[in-house]
There are 2 protein chains.
Amino acid sequence: MRPVTVYDIAREANVSVATVSRVLNNTAPVKKETRDRIVALMHKHQFQPNALARSLTRKETGMIGFILPDITNPFFPEVLSGFDYEARKLGYTYFLCDTISTNEENQRLYDRQYERESQYLSLLMEKQVDGIVMIGGRVDLAKPEPALAQELEELAKRVPVLLLNGSLPKTKLNRVAADQKLGAQLAVQHLIDLGHRDIAVIGGFSKMTNTQQRLAGFRTAMKDAGLPVHREWVMTEGFSVEKGQEFASRLLDSKRRPSAIFCMNDLLAIGALKAAHRAGVSVPEQLSIVGYDDIPQATYCIPELTTVSLLSQETGRQAARTLDKMIAGKKVPLLQTIVPELIVRETTAPYQGPSS
Amino acid sequence: MRPVTVYDIAREANVSVATVSRVLNNTAPVKKETRDRIVALMHKHQFQPNALARSLTRKETGMIGFILPDITNPFFPEVLSGFDYEARKLGYTYFLCDTISTNEENQRLYDRQYERESQYLSLLMEKQVDGIVMIGGRVDLAKPEPALAQELEELAKRVPVLLLNGSLPKTKLNRVAADQKLGAQLAVQHLIDLGHRDIAVIGGFSKMTNTQQRLAGFRTAMKDAGLPVHREWVMTEGFSVEKGQEFASRLLDSKRRPSAIFCMNDLLAIGALKAAHRAGVSVPEQLSIVGYDDIPQATYCIPELTTVSLLSQETGRQAARTLDKMIAGKKVPLLQTIVPELIVRETTAPYQGPSS
DNA sequence: GAGCAAAATGAAACCCGTTTCATAAAAGGG
DNA sequence: CCCTTTTATGAAACGGGTTTCATTTTGCTC
């Protein structure tokens with residue numbers, strides 16, 4: 001059966017569609033008697049306005065595109081849930097766009113991320129979203145960064161675009177971003193304060209701005225303390241538990257062990273924790289570990305992770321509020337900085353001298 | 001600047017909009033010369049068809065609503081990622097609808113879930129989604145279950161609805177669901193096979209069908225083995241790590257301890273693991289723990305969780321494929337059962353006699 | 001070259017709301 | 001009671017595509 005339209009209502013109520021529309025949107029006074037009659041009919045037929053038709057004329061859809069790299073990485077659901085909370089309050093719905101590629105064996109491939117992002121951007125434009133928020137990403141080995149930024153800047157002229165914790169720092173794009181360098185400094189400084197001198201850093205992707213910034217924070221903290229950075233103690237290209245385990249195992253197997261490891265995210269830290277356990281190295285007594293992101297799982301493991309919180313929920317909320325303002329045409333600061341916080345839990349302890 | 005439309009292209013190409021539309025959709029032969037001219041113009045102006053307008057006439061949007069209870073519960077991103085994979089291949093985009101309520105302090109409230117689901121269902125209808133998949137949920141303390149089912153059945157007449165791992169088993173609604181009872185039986189049987197007799201079960205919400213089914217599986221396994229079920233060893237109303245820790249702590253503090261705990265999900269199991277650690281009870285030597293869901297985090301903890309896999313990714317994929325068929329008007333079986341698998345890892349071991 | 005099917009194209013209706021503009025009716029002021 | 005506002009309402013255009021139906025071309029066959 002055909003859904004009921006304003007025309008059906010109008011006919012049965014002996015009024016024009018214009019009047020029905022006015023009742024629907026409370027956009028002009030309607031005689032009480034008429035209004036009641038129309039409202040009654042709407043209920044009777046369970047009338048639901050067609051959002052497509054409405055959006056077509058209004059030129060606003062109440063739809064947002066949310067692009068993220070990988071929903072199974074627990075950091076993103078946290079951000080998303082904050083975003084969801086505000087977005088709903090503001091009356092938006094959103095398309096979830098996951099840019100990870102998965103092959104048939106369920107392996108996650110990050111290499112085509114840029115391509116997928118571009119596809120989604122185009123798709124979202126066709127769907128006429130009111131705005132786009134994009135988190136992470138923009139990695140492409142083939143194209144130089146300015147080209148990626150340019151595509152987005154071009155897009156941002158047509159629709160509000162908000163970058164979260166974004167790469168591409170040198171652009172005119174609006175961003176809500178944690179101070180990644182500071183976050184890393186906090187973590188490393190904490191280790192240094194505990195007396196550690198031999199500090200390794202693992203994870204991240206060298207092409208990603210996030211990683212570069214955190215690495216910079218690491219280097220700055222080390223340099224400020226007059227500590228050397230060992231080449232072989234900087235291991236990148238990975239963000240998963242498995243990678244963390246692999247990196248940490250390699251570190252623990254080497255002739256000279258670091259006494260502390262700074263991990264580029266909590267997943268890596270969890271992997272490091274597992275590696276330490278397998279190697280019979282006790283944490284934090286013989287090895288201190290600091291994570292990054294403060295995902296919920298950071299408190300699930302034993303011992304609980306010391307980590308850097310990026311206020312992920314808050315970032316998501318901020319994003320929703322900011323994008324809403326942008327959509328409304330209000331001015332918003334180009335960059336809103338989230339100040340990371342060090343969360344000291346159980347995986348860090350004072351340096352206890354050489355372990356083995 | 002106004003986006004370019006088919007009319008703009010048509011005018012500049014000296015053809016009618018009908019012809020442009022035909023080129024766009026390859027729906028009728030167009031002279032090569034004309035086609036080339038039109039395609040060139042489309043590229044020149046970066047023409048992007050307005051999906052709203054298209055959907056309005058076609059009466060199909062390529063949009064799906066995906067309703068789930070809580071994206072920060074790692075089980076759901078797993079399902080979602082499987083769904084995402086297939087859905088994208090099939091050309092759908094989807095609205096993510098999280099039904100959890102969060103208060104300003106970021107506490108998660110499950111109590112208004114039913115209400116939120118109803119709101120979303122209505123919203124999705126207005127947005128003209130082609131189909132809806134809904135996972136979990138339908139819990140309402142106030143309304144009887146039949147009423148909830150009826151609302152959905154009514155809806156299902158207007159748009160394809162697919163329930164995932166669903167509650168509401170006695171309905172005419174299409175479902176893709178794991179055999180929850182079997183899953184629980186698998187888990188408990190495993191414990192029994194290891195020689196455990198004192199088995200507790202923790203977690204779940206007594207109002208949820210899922211929980212009831214798993215509980216039934218637990219009871220059946222116990223009964224088949226001639227083992228008693230202690231009232232005080234069945235603890236419900238919760239699905240979080242915190243709750244798991246709380247439940248397990250209580251069990252470990254009681255005069256008579258169970259030697260094994262079956263947890264209604266992995267989060268609870270992780271909590272139990274923490275409780276055991278805090279209480280100085282070693283797992284699996286003194287206490288065996290089995291989880292449920294096989295979320296990625298099950299392998300992140302130490303020791304790794306023995307658990308029941310519901311093939312979450314596969315469930316998601318199946319859902320997308322099935323919903324697509326339903327949308328296409330093809331016949332699909334009313335119920336597609338996912339057969340759970342027991343994943344034996346490190347948190348279970350043979351019963352070693354009374355612990356203390 | 002007539003005859004006919006297939007190809008190529010345009011005009012106009014349609015999808016379902018919103019909005020503008022004009023008109024009619026009711027209400028308030030002097 | 002007439003005049004001016006407000007209030008109340010309808011006709012019609014619009015948004016940006018798709019689709020039907022009719023008409024004109026073109027390509028072949030005999």
Side-chain angles (χ1 to χ4, degrees), chain A residues 1-39 41-42 45-63 122-123 125-130 158-159, chain B residues 1-39 41-42 45-63 122-123 125-130 158-159:
Chain A
M1 52 189 169
R2 196 174 46 73
V4 355
T5 71
V6 282
Y7 290 88
D8 300 324
I9 303 289
R11 194 178 327 111
E12 200 170 334
N14 272 313
V15 295
S16 74
V17 288
T19 304
V20 177
S21 178
R22 285 190 267 258
V23 170
L24 200 54
N25 302 292
N26 232 318
T27 170
V30 173
K31 199 201 289 178
K32 183 171 186 320
E33 193 188 47
T34 318
R35 148 168 278 121
D36 290 348
R37 189 154 31 102
I38 293 175
V39 169
L41 281 171
M42 285 178 170
H45 292 107
Q46 300 189 60
F47 168 74
Q48 288 189 302
N50 183 323
L52 298 177
R54 169 174 291 170
S55 298
L56 188 56
T57 38
R58 285 220 189 135
K59 291 178 179 310
E60 67 178 43
T61 56
M63 306 188 307
S122 169
L123 182 65
M125 290 304 290
E126 291 190 7
K127 299 277 183 192
Q128 312 296 123
V129 294
D130 289 343
R158 321 195 112 265
V159 64
Chain B
M1 52 188 166
R2 196 175 46 73
V4 355
T5 71
V6 281
Y7 290 90
D8 301 324
I9 302 290
R11 192 178 328 109
E12 199 169 335
N14 271 313
V15 295
S16 74
V17 289
T19 304
V20 177
S21 179
R22 284 190 269 258
V23 170
L24 200 53
N25 302 292
N26 230 318
T27 172
V30 173
K31 199 203 288 180
K32 181 165 188 325
E33 192 187 48
T34 318
R35 147 167 279 120
D36 290 348
R37 187 153 34 102
I38 293 174
V39 169
L41 280 171
M42 284 178 171
H45 292 108
Q46 300 189 58
F47 169 75
Q48 288 189 302
N50 183 323
L52 297 178
R54 168 174 290 171
S55 298
L56 189 56
T57 38
R58 286 221 189 135
K59 291 178 179 310
E60 67 177 44
T61 56
M63 307 188 305
S122 169
L123 181 66
M125 289 304 289
E126 290 189 8
K127 299 278 184 193
Q128 312 296 120
V129 294
D130 289 344
R158 322 196 112 265
V159 63

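Please read all numbers here as calculations on a predicted model, not as lab measurements. In what follows, chains are A, B, ... by sequence order, proteins preceding strands, each numbered from 1.
Nearest heavy atoms, A:H45 versus A:I9: ND1-CD1, 4.2 Å. Closest approach of A:T61 to A:Q128, counting heavy atoms only: OG1-O, 2.9 Å. The two residues B:D130 and B:V159 make their nearest non-hydrogen contact at O-CG2, 3.5 Å. Residues A:L52 and B:L56 share a closest heavy-atom pair of CD1-N, 4.0 Å.
Within the 4.0 Å cut-off from OP1 or OP2 of D:dT9, at least one side-chain nitrogen or oxygen of A:T34 is found.
Residue A:S21 is in base contact, counting any heavy-atom pair closer than 4.0 Å across all strands shown. At a threshold of 4.0 angstrom between heavy atoms, the contacts of A:V20 with the nucleic acid are absent. If you check every strand for non-hydrogen atoms under 4.0 Å, A:L24 touches sugar and phosphate atoms only. The residue A:T27 sits apart from the nucleic acid: no heavy atom pair falls under 4.0 Å. Backbone-only contact: A:N14 has heavy atoms under 4.0 Å from sugar-phosphate atoms and none from a base.
Straight-line distance from the CG atom of A:L52 to the C1' atom of D:dG15: 12 Å, rounded to whole Å. The interatomic distance linking B:H45 (NE2) with D:dG16 (C1') rounds to 17 Å, in whole Å. In this structure, the CG atom of A:N26 is 14 Å from the C1' atom of D:dA8, given to the nearest Å. Here the C1' atom of nucleotide C:dT19 and the CZ atom of A:R58 are 10 Å apart, to the nearest Å. If you measure from atom CG of B:D36 to atom C1' of C:dA8, you get 15 Å, rounded to the nearest angstrom. If you measure from atom CD of A:E33 to atom C1' of D:dT9, you get 14 Å, rounded to the nearest angstrom. Rounded to an integer number of Å, the gap from CD1 of B:I9 to C1' of D:dG16 is 13 Å. Atoms CD (A:Q48) and C1' (C:dC16) sit 14 Å apart, rounded to a whole Å.
Both A:R54 and B:K32 sit near DNA chain C, but only B:K32 has its closest nucleotide nearer the 5' end.
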Self-check item: Full working for side-chain contact (heavy atoms from CB on, under 4.5 Å) between A:R37 and A:T34
Solution: CA-CA 5 Å; A:R37 189 154 31 102; A:T34 318; 3.7 Å; yes
Exercise. Start with the C-alpha distance between A:R35 and A:N26, add both sets of side-chain angles, then the distance that settles side-chain contact (heavy atoms from CB on, under 4.5 Å), and finish with yes or no.
Key: CA-CA 10 Å; A:R35 148 168 278 121; A:N26 232 318; 3.5 Å; yes
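Here the straight-line distance linking atom CD of B:E60 with atom CZ of B:R54 works out to 9.5 Å at 0.5 Å rounding.
Of the candidates B:N25, B:T5, B:L24, B:P49 forms a side chain to side chain contact (heavy atoms under 4.5 Å, CB included) with just one, namely B:L24.
Rounded to 10 degrees, the angle separating the terminal helix axes of the helix from C:dG1-D:dC30 to C:dG30-D:dC1, each built from five base pairs, is 30°.
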Provide a list of protein-nucleic acid N or O atom pairs under 3.5 angstrom, restricted to nucleotides 11-15 of chain C.
from   : atom 1 : to    : atom 2 : distance (Å)
C:dC15 : O3'    : B:K59 : NZ     : 3.0

